[in-house]
Amino acid sequence: MDFGYASSQQALRQEVRDFIAENMTQDVVEEVHGRGEDGRGPLMNDLFKKIGERGWLGISWPKEYGGQGGDRLTQYLVEEEFARVGLSVGGGGSGAPAIMAAGTQEQKDYYIPRIIKGEISFAQGFTEPSGGADLASLQCRAVEDGDEFVINGQKIYTSSAHVSTHLYLMARTDPEAPKHRGISIFLLPMDTPGITVRPLWTIQNDPPAPEGTTYGTPRTNETFYENVRIPKSSLLGELNMGWYVGAMGLNLDRVGASRYLISVRRDEDIVNLAKSDSSEYLNIRNNPTVRDKVAEMWIEAQVCRLMTWRSMSIVESGGNFTYEGSAEKVWAPEHGLRATEAYAQMLGPYGQLLNTSANNVESGLFAHNLLGAFQSGINHGSVQIMRDQVARRGLGLPRG
Amino acid sequence: MDVLLSENEEMIRNLAREFLEGECPTSLVRDMEKDELGYSQDMWKKVASELGWTALSLPEQYGGLGEPLQFLGLIFEEVGRHMAPVPLLSTMVSALTIARDGSEAMKSDILPQVASGDLILTYSFQETDPRLIESAVQTTATADGGDFVLNGKKLFVDNFNQADKLIVTAKTGKGLTLFLVDTGSAGISTEKEVPTAKDKQFAVIFDNVKVSADSVIGEIDKGWTTAEYMLDLGAVFYASQMCGAARKDFEMGLEYSKNRVAFGRPIGAFQSVAHMLADAVMYIDGGELLTREAIWKMDQDQPYQVEVSQAKAFCNDKLQHVTVYSQMIHGGMGFMMEFDIHLWYRRVASWSMRMGSTFEHRARVAQGILDTPGNVELGMIQALPA
């Protein structure tokens, strides 16, 4: 057992902090905030280039694909520091790990270095209006036609499709096969003719969330596919085996530190607010009932952290998960909900005021978090599905 | 960083588990609940002299093996899992406290006897006002020539009837002082307490009990930090025992849910039952990780008090749920005296209230994060305010 950081890792943490202090300037912060759902602006692009030059993107990816060949803990540590200022440098999403696991050599050579550099980003086209949790019942069709596949159908909650360069799409290739055995995965550019992206605005869009909000998806999309023709080389993994390729990617994505990293900001925010002299009128620090709740939530956040550390330890030691990734995906979002509700409640009537309101606290940060906290309990497999996986896969309980 | 057990650690745990699986049937646990003395002397000899549990984490120069507390923590998980009726926790908490702050003469005298299993110890702190703070101690030690005279009443003293000596915390002129006292000293009387765990616990009354100056542990009047160390050891090792006990209790509930059929299917196939068990395993994992991290910090000489309180508060709160879930899954059967599951339920409940309640430990965590200067950082070292 070892619950500590090596001195080299602590030095790296300091290096990242110094970098952030120097480069995360007020104009960058304002650009991020001002652009809202429109993705990275020029200042942010510059910043990411600098982060890439330091070798902090793709730390745990193999060197031959432009990564650093580092361990997951080092990557996590860098991600954690950037998460404190609201930046995600994890590369995120389930596309990259799926390509790494199931892609052809050409696909790996093409995509992975570009993903690491930030030149290629994937939107995930999985969910359809007819099924969320029951993903395998999807109906979007891909039909072979000579050297091509032709795609027709509709996807929903295709988040970031409007700012991504590529799409990671799940479509049905054999409607006669059992539902899990007739699905394939495709990689295609977003600008392929026949794709239409239509915005769906979430309840976090009006007013836009303030800087520092833990949860933020002001916009997602629905996407329509009309005779979209793509070459056969767009297929990822074997034909009709897409369900298993996708599940593998999702499982690896679930492991990442991203769930816990949401905690870092939210749980630190309330404590630091309570400690500041200017918040004395909120009577958080001196109220024993509230202190008890703050401590309870803080301990839960530590459990989220330790579950993440456990997953990383398993991966680093070459082991396999049975339920540990799903356990993280139950604990972190549910803690998030409990904590977000509790923290807003601690502010009393101020807890409901959004950032366009008079008399708000911290630009309405805690109220805004309330508008999105349940989101991470829904996306990428709801906590109910995850809890079921802990029970069935982890504990071997029979299906009902 | 690697939070999984190393090969060595797994070996330590497996050896303890194999031994207790063979030697500690629930019939023995039940017998010891009814036994006047309350522990198996035969098992104590074996775990001390054959398995080396009492020597494991004591310093080598005093007959110990000098291994980290982490190893001992794993032993306590197994002790909890099997509810082993041996006075290991009270002995080791006391011995480690002496190893930290006792005089050279005391360490040379006491620790080798503990290592060999020839001496059983216990400790006392809590009184009528059971809070784990310095000002709750009302027992006094008055200087009398070269000696001290103790007066007062300690409550919730584990294994007093089994122990040769006990640590007593008492008010002296300007602060707190710890003494190592013979349990057979003139002027000591006891009242029997009956916890739900049905292990041995007593109130101990001191009526002009004379102790010599060389029985002082650490410095006179400056015993609070020594006492804090003792209380933290007690809290975290109780958390270890609770994790072990809760995991076994959960495993029994899980097994039962796969075999018990109702409405034509195993009850574990019902989601309401399955999700209860999923929550249970996550609670246990969480408690275990927090507890192991706290002990690891103690081994590293890093600040550990917030971590100890995190672990004990979480285990108190969540592991009780785990045992309740298992009771529910067992239905009426679990409520029957003849069925074993209540043995774990009663212990986890009882242990959760020892060495600091959920609320006390959360209050300490709150101090650590709210009453310290500067901003907090999750997962970073957090010391309590001085």
Side-chain angles (χ1 to χ4, degrees), chain A residues 1-6 9 73 76 80 84 260 263-264 267-268 271-272 274-275 284-286 288 290-296 298-307 309-310 312-314 316-317 319 323-324 326-327 330-331 384 386-392 394-400, chain B residues 1-6 9 68 70 254 257-258 265-266 268-271 273-279 281-283 285-287 289-290 292-293 295-297 300 302 306-307 309-311 313-314 317-318 358-359 361-379:
Chain A
M1 264 176 272
D2 179 357
F3 287 86
Y5 296 115
Q9 289 163 335
L73 175 62
Y76 154 82
E80 185 178 59
R84 286 206 161 89
Y260 155 68
S263 224
V264 166
D267 296 300
E268 289 175 359
V271 176
N272 294 334
K275 289 171 94 160
I284 300 173
R285 193 171 43 188
N286 301 319
V290 173
R291 288 173 66 94
D292 182 73
K293 198 67 182 178
V294 170
E296 184 188 354
W298 184 262
I299 296 167
E300 285 191 6
Q302 303 290 348
V303 172
C304 296
R305 170 180 60 83
L306 288 167
M307 282 191 175
W309 284 19
R310 175 174 66 174
M312 289 193 294
S313 300
I314 292 172
E316 280 298 311
S317 65
Y323 68 96
E324 293 85 352
S326 305
V330 172
W331 251 84
Q384 287 73 24
M386 291 299 118
R387 190 175 261 109
D388 231 37
Q389 289 188 355
V390 173
R392 311 293 170 208
L395 306 180
L397 286 164
R399 291 207 171 271
Chain B
M1 188 262 284
D2 177 3
V3 305
L4 309 176
L5 297 190
S6 68
E9 289 158 350
Q70 198 66 258
L254 177 63
S257 79
K258 290 177 181 176
R265 67 187 71 168
F270 293 104
Q271 282 193 325
V273 173
H275 288 189
M276 217 156 60
L277 287 161
D279 280 334
V281 75
M282 292 187 280
Y283 291 159
D285 288 355
L289 285 162
L290 287 168
R292 290 175 179 177
E293 179 175 54
I295 299 175
W296 183 85
K297 294 228 163 177
Q300 303 300 310
Q302 289 181 13
V306 172
E307 282 76 9
S309 285
Q310 284 172 179
F314 188 85
D317 185 22
K318 299 293 192 242
T358 311
F359 302 113
H361 282 292
R362 281 193 201 146
R364 208 152 163 248
V365 172
Q367 270 178 27
I369 58 178
L370 288 170
D371 303 340
T372 43
N375 282 354
V376 289
E377 289 179 8
L378 259 174

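Just so it is clear: chains get the letters A, B, ... in the order the sequence lines come, proteins before strands, and each one is counted from 1. Any value given below was found using the heavy atoms of this structure, including those in side chains, with hydrogens, waters and symmetry copies removed.
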Those residues that, when tested against A301(A), pass side-chain contact (heavy atoms from CB on, under 4.5 Å) (two or more places apart): S263(A), D267(A), H335(A), L378(B)
Taking atom [atom1] of [X] and atom [atom2] of [Y], what is their separation to the nearest 0.5 Å?
| X | Y | atom1 | atom2 | value |
| --- | --- | --- | --- | --- |
| Y76(A) | M1(B) | OH | CE | 6.5 Å |
| E307(B) | I299(A) | CD | CD1 | 10.5 Å |
| M386(A) | M282(B) | CE | CE | 11.0 Å |
| M1(A) | D2(B) | CE | CG | 10.0 Å |
| R387(A) | L277(B) | CZ | CG | 12.0 Å |
| E80(A) | E377(B) | CD | CD | 8.0 Å |

Go through [options] and name the one with the most non-hydrogen pairs under 4.5 angstrom from chain B.
| options | value |
| --- | --- |
| E324(A), R84(A), E296(A), R399(A) | E296(A) |
| V271(A), I314(A), N272(A) | N272(A) |
| M307(A), K293(A), Q384(A), R392(A) | R392(A) |
| R310(A), R285(A), E300(A) | R310(A) |
| L73(A), D388(A), V390(A), V264(A) | D388(A) |
| V294(A), V330(A), I284(A), L306(A) | L306(A) |

Looking at [options], which one has more heavy-atom pairs under 4.5 Å with chain A than the rest?
| options | value |
| --- | --- |
| D285(B), V365(B), D279(B), V3(B) | V3(B) |
| M276(B), R265(B), Q70(B) | Q70(B) |
| D317(B), V273(B), L254(B), T358(B) | L254(B) |

Check each atom of [X] against the heavy atoms of chain A and say whether the ones under 4.5 Å are side chain, backbone, both or neither.
| X | value |
| --- | --- |
| P373(B) | backbone |
| Q367(B) | both |
| Q310(B) | both |
| R292(B) | both |

- request: Not counting sequence neighbours, which residues clear ring pair (Phe, Tyr, Trp, His ring centres under 6.0 Å) with Y323(A)? List them please.
  value: none
statement: What one should report as the nearest heavy-atom pair of A274(B) and A391(A) is O-CB, 3.6 Å
field: Part of E316(A) within contact of chain B (heavy atom distance under 4.5 Å)
entry: neither
query: Taking the inter-plane angle between the rings of W331(A) and Y283(B) on a 0 to 90° scale, is it parallel (under 30°), tilted (30 to 60°) or perpendicular (over 60°)?
result: perpendicular
field: Partner of K275(A) under side-chain hydrogen bond (donor to acceptor under 3.5 Å, both in side chains), chosen from N375(B), D371(B), T372(B)
entry: T372(B)
- prompt: In this structure, are over 12 heavy atoms from other groups packed under 6.0 Å from F270(B) atom CZ?
  reply: yes
query: Should L290(B) and V303(A) count as side-chain neighbours, where that means a heavy-atom distance under 4.5 Å?
result: yes
